[in-house]
Number of protein chains: 2
Amino acid sequence: MDRIEPALQWNDSPAACLHGLGVSACADCRVRQISVCAALDPHELTEIDSLSHPTAFPAKSTLFTQEDPASAVFNITEGMVRLYKLLPDGRRQIVGFALAGDFLGLALLDRYGVSADAITDTKVCRFSRSAFTAFLDKKPHLLRRLHEFASHELSLAQDQMVLLGRRTADERIAAFLMSLKERFARIGHTSITLPLPMSRQDIADFLGLTIETVSRTFSKLAKSGVIVVVPDGVRLTNLAQIKALATR
Amino acid sequence: MDRIEPALQWNDSPAACLHGLGVSACADCRVRQISVCAALDPHELTEIDSLSHPTAFPAKSTLFTQEDPASAVFNITEGMVRLYKLLPDGRRQIVGFALAGDFLGLALLDRYGVSADAITDTKVCRFSRSAFTAFLDKKPHLLRRLHEFASHELSLAQDQMVLLGRRTADERIAAFLMSLKERFARIGHTSITLPLPMSRQDIADFLGLTIETVSRTFSKLAKSGVIVVVPDGVRLTNLAQIKALATR
DNA sequence: CGTGTAATTGACATCACTCAACCCTAGTGG
DNA sequence: CCACTAGGGTTGAGTGATGTCAATTACACG
């Protein structure tokens, strides 16, 4: 499932860099077609390849925090990342889960504004922000693609506002499962068994609930036969029902 | 305060168009410096001027709804607009209030995805989406500015997720007042008396609360001397306290 | 001076939260 | 091989912040 060219060895240490090993990552990048890079022609691909620093982050490591100066931007090629904001007293709101094909640092601002941790082992193409923006200045079609990505993010954020402001716990869980399922489908994972690599606490902090409410709601849905809770995931046994809950 | 050139007569009917009356709106546009148009040089300004359809929407009229094909984009020059999403059962989440200088239709998608109503009498520069995107294709620096606007919107949306997911009613109201005050300051209104042209129901639907909770919270803050509720607004008599509540 | 709409206030209900106990699994070390 | 531990997850009992329903007030408008 997670095919990696034998020559393409990813280092386990955080921020390990493969650039300069004679490995052409872009040429056989599995997420190229769905990432921002789809806007680039073969020649441009070799150009950006030379700017790219393939990097691996182990599970639970930090990509950046909300106060960090945004020195780099990231194209996720594998894994899952949580993006979140912390309040001074420790309350946390996860604003999104980023998957393969997603781009971090869209805003191109001086500070990230959100923190990002790898949930699973994660691989990214890292670019220095200055190099990336310089490249961007020469490639309006890439900027256009970046804008489309940002617009899509904004649209997801608006959906999440509806969820957080106006939906019940049941509906939040159902909508979460549906949207995650759709996102996994987009990157080629179409099983009705939905992997949930994040913790219950992560789900709670994404949905504006407590861990206990998340757990109880899973149990309730399981008892009514809509889902089956399995290790590190759920089977969506009654999709119609979940969809009904999610869009109600 | 709301200076209008005498020659620049705005029609009261919805979607009234002034283009072709020999009125050059851009030349003396009050929001040019803070809107997306700040990216344009004088020559480009005359170009976009010829694409612009100055339009007035009376209070309570609809600019567009979430299902509408996005045939136009809008630059708000005056007034206030609510942007919201409706669930099938009528629950509503306001995802933002748009003020002078804000741009509607940033995503450049086929559907708006959100609905927009004028709260006060509102004036906009309307552009057909096809004409605007065609213009955009020739002006990468305008696209860059549009992207900055979208990124800023995304950042606001993330802040709103924190508010909706993790803050108490008191904190939501305080944060709402602070952020609205800052936005009004940006467009030149710096008084400690903050106009609230939207209804309590609008505020409730923005903050994920009920109208009663909004009303009670205003009363509570007023009783503790932090604000004074006045017709169509509030006086922020203890800014430090409000800021403390808002950022806690 | 009535009428209608928005806002406020009060009384009560409820959904989700808090606090606490318990369970399950994986890892560790005897 | 099994006892022990630690961390994450589940479940239960009780509480509380916010929602619901209803009555009252304030204000704008004819």
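Here is the naming used below: chain letters follow the sequence lines, and residue numbers restart at 1 for every chain.
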Heavy-atom nearest pair, B/Asp117 first then B/Leu63, reads C-CD1, 4.0 Å
Using atom NZ of B/Lys223 as one end and atom C1' of C/dT9 as the other, report the distance to the nearest whole Å. 9 Å
Atom-to-atom span, NZ of B/Lys220 to P of C/dT8 - whole angstrom: 15 Å
If you compare all heavy atoms of A/Leu83 against all heavy atoms of A/Ala98, which two are closest, and at what distance to 0.1 Å? CD1-CB, 4.4 Å
Starting at atom NZ of B/Lys60, determine the distance to atom P of C/dT5, rounded to an integer number of angstrom. 10 Å
Is the number of heavy atoms from other residues, nucleotides or ligands under 6.0 Å of A/Arg186 CZ greater than 12? no
Whole-Å distance, A/Asp232 CG to C/dC24 P, equals 17 Å
Below 6.0 angstrom between ring centroids: does that apply to B/Phe103 and B/Phe74? no
Figure out the CD1/P separation between A/Ile173 and C/dC15, and round it to whole Å. 17 Å
Give a yes or no on whether a salt bridge exists between B/Asp205 and B/Arg91, defined as a side-chain N under 4.0 angstrom from a carboxylate O. no
Nearest whole angstrom, please: distance from the C1' of C/dT8 to the CD of B/Gln201. 14 Å
Taking the side chain as everything from C-beta on, heavy atoms only, tell me whether B/Leu196 gets closer than 4.5 Å to B/Leu180. yes
Distance in angstrom units between B/Arg167 CZ and D/dA17 P, rounded: 18 Å
By a strict heavy-atom criterion of less than 4.0 Å, which residues belonging to residues 206-218 of chain A are in contact with DNA chain D? A/Glu212, A/Ser215, A/Arg216
Given C/dC15, is OP1 or OP2 found less than 4.0 Å from the side-chain N or O atoms of A/Thr168? no
Out of D/dT18, C/dT8, C/dT9, minimum distance to the side chain of B/Arg200 belongs to C/dT8
Can you measure B/Arg166 atom CZ to D/dT18 atom P for me and round it to whole angstrom units? 13 Å
